[in-house]
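Notes to accompany the following structure.
Below, each value reflects all heavy atoms present in this structure, side chains not excepted, and no hydrogens, waters or symmetry copies. Residue indices begin at 1 and follow the sequence shown.
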Amino acid sequence: MDLLTPLLQQSAFSARVFHHGNLCHLADFDPGAMAGHLHLLKGGRLRCTLRDVLVLDTDRPCALLFPRPSAHTLLPEGERGADLVCAKLDLGFQTGGPLALALPECLVLYLDDAPGLLSTLQLLFDEAFSERFARQAALDRLMEYFLIQAIRVVIDAGQIHSGIFAAMSDPKLARAVNAIHASPERGWTVELLAEQAGMSRARFAARFRQQVGLPPLDYLTDWRLAVVRHMLLQGQPLKRIAAQVGYASPAALSRVFAQRLGSPPVDWLKRQQAR
């Protein structure tokens with residue numbers, strides 16, 4: 001069962017490398033930029049603070065992931081500085097996507113603990129520290145692939161013990177979660193989702209709420225609205241969007257959208273476009 005593909009297909013997911021090379025001075029990252037960040041430390045020593053709290057001080061090659069906008073600072077130590085590849089990320093924070101919201105605010109993955117990432121990492125570093133044609137395009141795609149692999153490692157290791165990723169690590173709940181992500185247009189009920197999980201209705205509802213923090217149908221609505229916001233940003237018309245996420249009409253979708261998010265879809269989209 002492929003748990004990640006529906007999430008990636010129906011919500012924002014992109015990486016754009018903006019730095020590759022030696023960092024020898026303090027670098028501040030402003031959450032007002034509305035982007036997440038991924039920093040890969042290749043060599044040297046690096047300190048990182050998150051809102052002035054130290055979260056990293058190491059010379060071990062590592063990946064430092066901020067899945068949503070976070071005020072953090074990188075400070076290389078020593079005369080050598082730090083060799084880094086850094087990317088801005090869009091994991092769906094603006095649209096309420098679970099990739100951005102369910103991951104920890106800061107995640108450190110030491111690369112010698114994840115040998116499965118080494119081949120991709122080597123390709124990425126080879127591109128970053130070379131002068132080949134189409135380097136930017138290659139780096140962006142390699143960074144996206146590396147990010148997918150890193151999320152796989154985190155899920156497989158059970159490092160996230162709450163939220164939707166905890167449910168995805170539960171073999172029974174994962175079937176229901178995958179069904180929601182893959183087919184938001186279906187008329188899901190708690191009974192139908194419990195059947196997907198192979199559980200009784202009561203046990204499924206209790207375990208889902210315990211793991212995710214929401215009742216199943218509340219999570220379904222949140223997921224639908226995340227997909228709606230992503231499709232609005234892509235320029236798709238509300239009539240088409242409503243049919244693809246299980247609402248009988250644009251008016252029905254607009255009512256739920258306004259109830260949950262405080263304004264109709266058209267007004268929400270105008271605010272996003274004005275930023």
Side-chain angles (χ1 to χ4, degrees), residues 1-13 36 65-68 70 89 91-109 113-114 116 147-231 244-248 252-253 255-257 259-261:
M1 180 171 53
D2 186 348
L3 297 172
L4 277 180
T5 292
L7 273 177
L8 301 180
Q9 287 178 334
Q10 305 216 54
S11 60
F13 181 83
L65 172 62
F66 296 91
R68 49 192 176 271
S70 300
L89 307 179
L91 302 186
F93 174 74
Q94 286 181 273
T95 59
L99 270 179
L101 300 180
L103 288 167
E105 185 176 17
C106 177
L107 188 63
V108 179
L109 182 62
D113 291 336
L147 182 56
I148 290 171
Q149 289 184 300
I151 293 171
R152 283 176 183 164
V153 168
V154 170
I155 293 174
D156 289 344
Q159 290 180 250
I160 306 174
H161 303 291
S162 62
I164 197 61
F165 285 98
M168 290 167 66
S169 298
D170 182 311
K172 291 189 173 182
L173 292 183
R175 294 195 289 269
V177 168
N178 201 52
I180 289 173
H181 290 162
S183 304
E185 77 284 356
R186 286 194 59 183
W188 293 112
T189 63
V190 176
E191 288 80 6
L192 288 174
L193 291 170
E195 287 179 14
Q196 292 285 325
M199 301 171 67
S200 71
R201 182 189 186 282
R203 287 190 62 203
F204 168 74
R207 189 187 297 186
F208 192 99
R209 183 162 193 161
Q210 179 184 30
Q211 293 281 33
V212 180
L214 291 171
L217 297 188
D218 283 0
Y219 180 79
L220 170 63
T221 299
D222 285 351
W223 171 243
R224 284 173 168 169
L225 294 182
V227 175
V228 168
R229 283 174 281 178
H230 178 55
M231 295 174 75
Q244 292 189 23
V245 294
Y247 290 95
L253 169 56
R255 283 195 298 272
V256 175
F257 195 102
Q259 288 168 1
R260 286 295 184 103
L261 302 173

For a 4.5 angstrom cut-off between non-hydrogen side-chain atoms, does [X] reach [Y]?
| X | Y | answer |
| --- | --- | --- |
| Met231 | Thr95 | no |
| Trp223 | Val245 | no |
| Leu147 | Leu65 | yes |
| Pro6 | Asn178 | yes |
| Leu220 | Leu217 | yes |

Of all the heavy-atom pairs spanning [X] and [Y], show the shortest one and how long it is.
| X | Y | answer |
| --- | --- | --- |
| Arg186 | Arg224 | O-NH2, 2.7 Å |
| Gly96 | Ala226 | O-CB, 3.8 Å |
| Ala167 | Leu173 | O-CB, 3.6 Å |
| Ala194 | Arg201 | CB-CA, 3.9 Å |
| Phe165 | Pro98 | CE1-O, 3.8 Å |
| Glu105 | Arg68 | N-NH2, 3.4 Å |

Please report the interatomic distance [atom1]([X]) to [atom2]([Y]), rounded to the nearest 0.5 Å.
| X | Y | atom1 | atom2 | answer |
| --- | --- | --- | --- | --- |
| Leu109 | Ile151 | CG | CD1 | 11.0 Å |
| Thr221 | Phe257 | OG1 | CZ | 13.0 Å |
| Gln211 | Asp170 | CD | CG | 5.5 Å |

So, [X] side chain and [Y] main chain: donor-acceptor pair closer than 3.5 Å or not?
| X | Y | answer |
| --- | --- | --- |
| Arg229 | Leu225 | yes |
| Arg175 | Gln196 | yes |
| Arg209 | Pro215 | no |
| Trp188 | Ala176 | no |

Revision key, fill the gap. Which of Leu7, Leu99, Leu8 passes side chain to side chain contact (heavy atoms under 4.5 Å, CB included) with Leu91? It is Leu99

Exercise for review: Take atom CZ of Arg203 as the centre, draw a 6.0 Å sphere, and report whether it contains more than 12 heavy atoms from other residues, nucleotides or ligands.
Suggested key: no

Practice item. Using ring pair (Phe, Tyr, Trp, His ring centres under 6.0 Å) as the criterion, list what pairs up with Tyr219, not counting sequence neighbours. Key: His181

Check your understanding: What pairs with Arg255 under salt bridge (charged side-chain N to carboxylate O under 4.0 Å, His left out), at least two apart in sequence or on another chain?
Key ->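 Expected list: none.
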
Review point. How would you list, by chain and number, every residue that makes a salt bridge (charged side-chain N to carboxylate O under 4.0 Å, His left out) with Glu195, sequence neighbours excluded?
Key: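 Residues passing salt bridge (charged side-chain N to carboxylate O under 4.0 Å, His left out) with Glu195: none at all.
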
